[in-house]
Amino acid sequence: MEILNGKELSEKIKNDIKLEVEQLKAEHKIVPHLAAVLVGDNPASQSYVRNKVRSCEKVGFESTLIRKDESITEEELLDIIQDLNDNDGVDGFIVQLPLPAHIDEQKVTLAISPEKDVDGFHPINFGRMTQGLDCFLPATPYGILKMLEEYQIKTEGQNCVVVGRSNIVGTPMSILLSRKGYPGNATVTLTHSRTRDLSSILKTADIIIAAIGIPNFISSDMTKEGAVIVDVGINRVEDASRKHGYRLVGDVDFDSYMDKSGYITPVPGGVGPMTVTALLLNTLKSAKLKI
Ligand code: NAD
């Protein structure tokens, strides 16, 4: 298997972003600014947001982290979002999901101005994406497209099976891979928890995007030789030998692909870093609109 190295690729793209930021600063006095809102103390969310802030520093962006206790009311959170919408100094912002159960995530997503929705979750951006119009693409699918492009993975005419139909990964991924253009022009099957006989569908796939959230769910005996396997899953499994008592695994049983042909993304170091990089690209795009 050849590795689709998201970590390495994201470093390369971040270097390009850094150069562009230096130019923006010198020529237009613009420094892209990404803000992140983190509610509660979910360890995975904390780690994702930390990565995002660190990446901002790396490329020369300004970043603001707004941390709020889990007890924050929906109204208070919506007020924070309104302030960020109105703040001309902020080019884009994200509200890290999941949110506590008493807060309606859909309401929050809808409250974010589509012009600052660098996660690409707002229905306006989603709708524009669906029609092939200019928009902020959802960060994870955007990162995956970048990866397929950089590794020159053929998508035209390929059978692509997306597993998982979430609004942030599976569904937009299926739309983007079936659009006209590159990466795209694939024949896409969107599968989910009610799909019958997933194995036989997976066997037809040249490209598989796994976004399920179940550790090691897909293994090499379920897929055909030579397939391109993109593993979106990030699952914590207990591992007493590790410092924190857990390790991260994907939705794909990576080891089962060891002596197979094709391509695979590792977890960690595959789709995760590309998602953060896509967020930076969206923020840069937003900042450049000021010119
Ligand atoms: P989700 O929980 O919203 O959706 C999971 C999807 O999997 C559902 O659509 C469901 O129908 C499908 N599913 C569940 N059981 C199935 C089965 N037995 N067969 C087929 N389909 C099944 O998931 P999500 O938010 O898209 O996240 C999926 C995974 O990706 C999680 O592990 C998450 O942590 C990870 N994730 C990673 C990144 C990244 O940057 N790498 C970004 C977002 C999510």
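Position 1 is the first residue of the sequence; numbering continues from there. Note that ligands are numbered from 1 as they come in the structure, with each ligand's atoms numbered from 1 the same way.
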Considering only protein heavy atoms, which is closest to [atom], and at what distance to one decimal place?
atom                    : value
atom 11 (O) of ligand 1 : Ser193 N, 3.0 Å
atom 21 (N) of ligand 1 : His192 C, 3.1 Å
atom 12 (C) of ligand 1 : Gly164 CA, 3.8 Å
atom 25 (O) of ligand 1 : Ile168 CD1, 3.8 Å
atom 17 (C) of ligand 1 : Phe217 CZ, 3.7 Å
atom 40 (O) of ligand 1 : Thr275 OG1, 2.7 Å
atom 8 (C) of ligand 1  : Arg165 N, 3.9 Å
atom 4 (O) of ligand 1  : Ser166 CB, 4.0 Å

Could you list the atoms of ligand 1 found under 4.0 angstrom from a heavy atom of [X]?
X      : answer
Asn235 : 32 (O)
Gly233 : 29 (C), 30 (O), 32 (O), 35 (C)
Val163 : 20 (C), 21 (N)

Could you check whether any heavy atom of [X] sits closer than 4.0 Å to an atom of ligand 1, since that is the contact criterion I want to use?
X      : value
Gly272 : yes
Thr195 : no
Thr191 : no

Quiz item: N/O of Ile234 under 3.5 Å from N/O of ligand 1, yes or no?
Solution: yes
Exercise. May I ask you to check if ligand 1 and Tyr48 share an N or O to N or O distance below 3.5 Å?
Key: no
Whether [X] side chain and [Y] backbone form a donor-acceptor pair below 3.5 Å:
X      : Y      : value
Arg165 : Gly170 : no
Glu74  : Asp104 : yes
Thr171 : Asn167 : no
Asn235 : Gly250 : yes

Quiz item: Does some side-chain heavy atom of His122 sit less than 4.5 Å from a side-chain heavy atom of Leu110?
Solution: yes
Quiz item: Tell me, do Ile208 and Val252 make a side-chain contact under 4.5 Å, heavy atoms counted?
Solution: no
Ionic contact status for [Y] with [X], cut-off 4.0 Å:
X      : Y      : value
Lys290 : Asp91  : yes
Glu11  : Lys14  : yes
Lys12  : Glu150 : yes

Quiz item: Which one of Ile218, Thr191, Val188 satisfies the side-chain contact (heavy atoms from CB on, under 4.5 Å) criterion with Val161?
Solution: Thr191
Quiz item: Looking only at side chains, do Thr223 and Tyr257 share a donor and an acceptor under 3.5 Å apart?
Solution: yes
Quiz item: Heavy atoms only: which of Gly213, Ala211, Gly6 is nearest to atom 31 (C) of ligand 1?
Solution: Gly213
Practice problem: Determine, considering heavy atoms only, which of Asn51, Asp251, Val232 sits nearest to atom 30 (O) of ligand 1. | Solution: Val232
[X] contact mode with ligand 1 (heavy-atom cut-off under 4.0 Å):
X      : answer
Thr140 : side chain
Val169 : side chain
Ile212 : both

Exercise. Kindly give the heavy-atom pair with the smallest separation between Gly164 and Leu190, and that separation in Å.
Key: O-CD1, 3.3 Å
Quiz item: Protein heavy atoms: any of them under 4.0 Å from atom 27 (O) of ligand 1?
Solution: no
Exercise. Inspect the surroundings of CD in Glu27 and state if more than 12 heavy atoms from other residues, nucleotides or ligands are less than 6.0 Å away.
Key: yes
